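Notes follow once the structure below has been shown.
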Amino acid sequence: MKFRPLHDRILVKRIEEDTKTAGGIIIPDTAKEKPSQGVIESVGTGARDETGKLLPLDVKIGDRILFGKWSGTEVKINSEDRLIMKESDILGILED
């Protein structure tokens with residue numbers, strides 16, 4: 001099944017963080033926090049302003065992003081967990 005977000009929404013796949021600390025301690029699943037980084041898999045066409053003009057999004061497919069702990073709505077697409085969020089929920093784009 002394909003999914004295409006509408007307007008200024010984006011589809012994000014979370015990036016799992018390491019399960020081991022720098023000192024070598026393994027963190028159990030029950031103590032882990034959900035990752036706040038992800039990769040954009042799909043984007044909408046953009047939002048519209050008061051006059052109806054289309055405002056394109058600042059992010060694109062493949063961007064690695066940082067978002068808030070409670071951002072977005074969790075969904076399952078093709079049995080995989082994903083987030084759908086608005087562009088305004090993104091805190092920033094991570095660059096190498």
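For clarity, every value in this text was computed on a predicted model and none was experimentally measured. Side chains are part of it too, since the values below use all heavy atoms of this structure and drop only hydrogens, waters and symmetry mates.
Cluster membership check: V12 does not share its hydrophobic cluster with L94, using side-chain heavy-atom separations under 4.5 Å among Ile, Leu, Val, Met, Phe, Trp and Tyr. Criterion: ILVMFWY side-chain heavy atoms under 4.5 Å apart, direct or through other members. Under it, L83 and I93 are part of a common hydrophobic cluster.
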- Message: Go through it in stages, so that I can follow the logic: the residues are D63 and K60, the test is salt bridge (charged side-chain N to carboxylate O under 4.0 Å, His left out), and I'd like the CA-CA distance, side-chain angles, deciding distance and then a yes or no.
- Response: CA-CA 6 Å; D63 280 351; K60 62 187 180 306; 3.1 Å; yes

query: Yes or no on side-chain contact (heavy atoms from CB on, under 4.5 Å) for F3 and V75, after CA distance, side-chain angles and deciding distance?
result: CA-CA 11 Å; F3 178 81; V75 295; over 6 Å; no

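The minimum heavy-atom distance between S71 and D89, with the atom names listed, is OG-O, 3.7 Å. Between F67 and Q37 the shortest heavy-atom distance is CE2-C, 3.6 Å.
The CD1 atom of I40 lies 4.5 Å from the CD1 atom of I90; values are rounded to the nearest 0.5 Å. In this structure, the separation between OG1 on T45 and CZ on R9 is 11.0 Å, given to the nearest 0.5 Å. Considering CD of E87 and CG of L57, their distance stands at 4.5 Å, rounded to 0.5 Å. Note that the CG atom of L11 and the CE atom of M85 stand 9.5 Å from one another [nearest 0.5 Å]. For the atom pair CG (D8) and CG (D58), the distance works out to 11.0 Å, reported to the nearest 0.5 Å. Rounding to the nearest 0.5 angstrom, the gap separating the CG atom in D81 from the NZ atom in K76 is 4.0 Å.
Residues L66 and S36 form a side-chain contact, since some pair of their non-hydrogen atoms from C-beta on lies under 4.5 Å apart.
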